[in-house]
Amino acid sequence: MICFETGPIRPPSEATSILLRITRNCHWNKCAFCPVYKHDRFSIRKVDEIKRDIDAMAAIADKLGRRVSARSGSRADRSAVIDAVRSLDHDDEMDGECARQMAFWMCHGLQSLFLQDADSLVLRTEQLVEILNHARAAFPTITRITSYARAKTISRKSPVELKALRAAGLNRVHIGMESGSNAVLSLVQKGVTQQEQIRSGCHVMAAGMELSEYFMPGLGGRELSGEHAVESAKVLAAVNPTFIRIRSTVPVPGTPLYRTMTEERWTPLTEEEKVREIRTCLERLDGITSTVQSDHIMNLLEDVAGTLPGDRQRMLEPIDRFLSMESSDRETFIVGRRIGRYRLVSDYVPSHDVEMVRRDLVARFGSVDRAILEILPSFV
Ligand code: SF4
């Protein structure tokens, strides 16, 4: 049976990328806010096993491609690929789920590859180079190869190693900075310091790769809110990453952070307080050219997005608009955003229906803030 293995998650920006599993789960697995791999054992996959997966993907793509040509005589457009994958339903040689997955990637042009799971750079550099070369030979259409990586892991790679990875095709890395504050990093057991964050980020950029740094508004709780915003801005300003991606903190039941909250040692921020934190961070990002993206449903304000420095005012505008609303309008917007009635702050118009939902939530949970805290984990 021709098949390959994939892992559970990838960044939203890699929704159409081929997924190649390099390791299983997370070797650190201690971040207090993270629910993803807590009950799964870490392992590194053998290079030969990963290369077999690449060969399996290529074999499936080849078979689908030949069926597409036989049927349509043209290059793979979406409907031809879907027809081809349907025709494989009774093919005993090929795993059906893998064939469907491959067809999806073919429909999106086989242009990008994402290395799973949490920290692929933990592999020895020469092993990763061998895998990258094999993948690019199998799929010459690939122009972007990306991976999650821990800052700590990158800080252990030399600039020469990072350049070798870049030369082998790895051209974008996603680092979960989360916070630039040493106090917050220690609180959430991130296992990295501010200095290591800065050094690893600068080394990735110097190697010629694109870099996404993730910032988590609210991670320091009310206790460390100011420091979290200011110190995170310090790291981001020092690194000048290609992308700054906002991921608002949501305490998920079952995580150490959630327990800390129930023990009243960490106070979650309200939606409004998280927005204020984003503002504090944004206004300190001087002299950099990063593109800010609010590309996750956990964020309240989707329209805080643009490229610095030119778009700073445009990004502050929805924040200030939200903060200057009457508090009842703010609450109605928050509720409306979470039930899908509004996308942007500029969409807001008072709505009787949303107001009724707001009242119902207040009656059930005691306040909108409390209700949002209960509801948001289901978005993660
Ligand atoms: S390194 Fe990433 S995947 Fe691992 S525990 Fe931390 S946040 Fe979760």
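Note that these values count all heavy atoms, side chains included, but never hydrogens, waters or copies made by symmetry. Worth saying up front: this structure is predicted, and the values here are computed from it rather than measured. Each ligand, and each atom within it, is numbered from 1 in the order the structure gives. Starting from 1, each residue takes its place in the sequence as its number.
Residues meeting the side chain to side chain contact (heavy atoms under 4.5 Å, CB included) test with S351, sequence neighbours left out: R341, Y342, D353, V354. Residues meeting the side chain to side chain contact (heavy atoms under 4.5 Å, CB included) test with N29, sequence neighbours left out: C26, Y37, K38.
Checked by atom type, the side-chain pair N240/T289 shows a donor-acceptor distance below 3.5 Å.
For residues 165-180, every residue pair satisfying the side-chain hydrogen bond (donor to acceptor under 3.5 Å, both in side chains) rule, not counting sequence neighbours, is listed here: E14-H174, R172-E210, H174-S212, H174-Y214, E178-K190, S179-H228.
Remark: ligand 1 atoms within the under-4.0 Å shell around heavy atoms of Y37 are 3 (S).
For R370 and E331, the salt-bridge test fails: no basic side-chain N is under 4.0 Å from an acidic carboxylate O.
With S181 as reference, E227 is the one residue of K234, E231, E227 to meet the side chain to side chain donor-acceptor pair (under 3.5 Å) rule.
Counting only distances under 2.8 Å, and ignoring water, the protein N, O or S atoms around atom 6 (Fe) of ligand 1 are C31 SG.
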